[in-house]
Amino acid sequence: MDDSMVSLIITAVNNGKVRGFSEIKEVDGRLFFYQYAIKKEAGSYLSYQFCIPEDKIEMVEDYGSEEIVAHNSITDALYYFQSKDVKIECFSFFKGVLPF
């Protein structure tokens, strides 16, 4: 992991910005759309993960899975993402509608 990239992400989140990214992953031969984000709110750091099978994306209400977890520190939030094999260095700014 590039420490300078992580430092930029930490600075942005601590300054009130939302950072994250989207990707398509293959799981057991099936494609899934994933979205990840992190933000600071009221002294906590919120991690966000959304997942849906790519072939069901039109039916978000029925097939989408969303998870928001509060963490005491940004380090805890980043370790949480790492534990889920999320590439922290891919986090960047969002264009358009923010995930949360």
Non-hydrogen side-chain atoms of [X] and [Y] separated by less than 4.5 Å:
X	Y	answer
Cys51	Phe33	no
Val60	Phe50	yes
Asp55	Arg30	yes
Leu78	Val6	yes
Val86	Tyr34	no
Glu61	Met59	no

Inset, instruction - For Lys25, enumerate each residue passing the salt bridge (Lys or Arg N to Asp or Glu O under 4.0 Å) test, keeping only those at least two apart in sequence or located in another chain. - result: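 Per chain and number, Lys25 pairs via salt bridge (Lys or Arg N to Asp or Glu O under 4.0 Å) with Glu23.
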Legend entry - With sequence neighbours excluded, residues passing salt bridge (Lys or Arg N to Asp or Glu O under 4.0 Å) with Lys84: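 Glu67.
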Legend entry - Centroid-centroid distance, Phe21 to Tyr36, less than 6.0 Å: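 Yes; Tyr36 has its ring centre under 6.0 Å from that of Phe21.
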Legend entry - Over 12 foreign heavy atoms within 6.0 Å of CG, Asn15: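 Result for CG/Asn15: enclosed.
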I need the minimum non-hydrogen distance between [X] and [Y], along with the two atoms involved.
X	Y	result
Tyr48	Pro99	CE2-CB, 3.5 Å
Phe81	Ala37	CZ-O, 3.1 Å
Ile74	Tyr45	N-CD1, 3.3 Å
Ile52	Gly64	CD1-N, 3.8 Å

Would you give the length of the straight line joining atom [atom1] of [X] to atom [atom2] of [Y], rounded to the nearest 0.5 angstrom?
X	Y	atom1	atom2	value
Phe93	Lys17	CZ	NZ	11.5 Å
Ile38	Gln49	CD1	CD	13.0 Å
Ser22	Phe94	OG	CZ	5.5 Å

Check for me, please, whether [X] and [Y] land in the same ILVMFWY cluster - side-chain distances under 4.5 Å, paths through other members count.
X	Y	value
Leu31	Tyr63	yes
Ile9	Tyr80	no
Ile68	Leu98	yes

Legend entry - Ser7 side chain to Asp3 backbone, donor-acceptor under 3.5 Å: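 No, because the side chain of Ser7 does not come within donor-acceptor range (under 3.5 Å) of the backbone of Asp3.
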Legend entry - Salt bridge present between Lys39 and Glu41 (N-O < 4.0 angstrom):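 A salt bridge links Lys39 with Glu41.
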Inset, instruction - Please check if any side-chain donor atom of Ser44 sits under 3.5 Å from a side-chain acceptor atom of His71, or the reverse. - result: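 Judged by distance alone, the side chains do not pair up.
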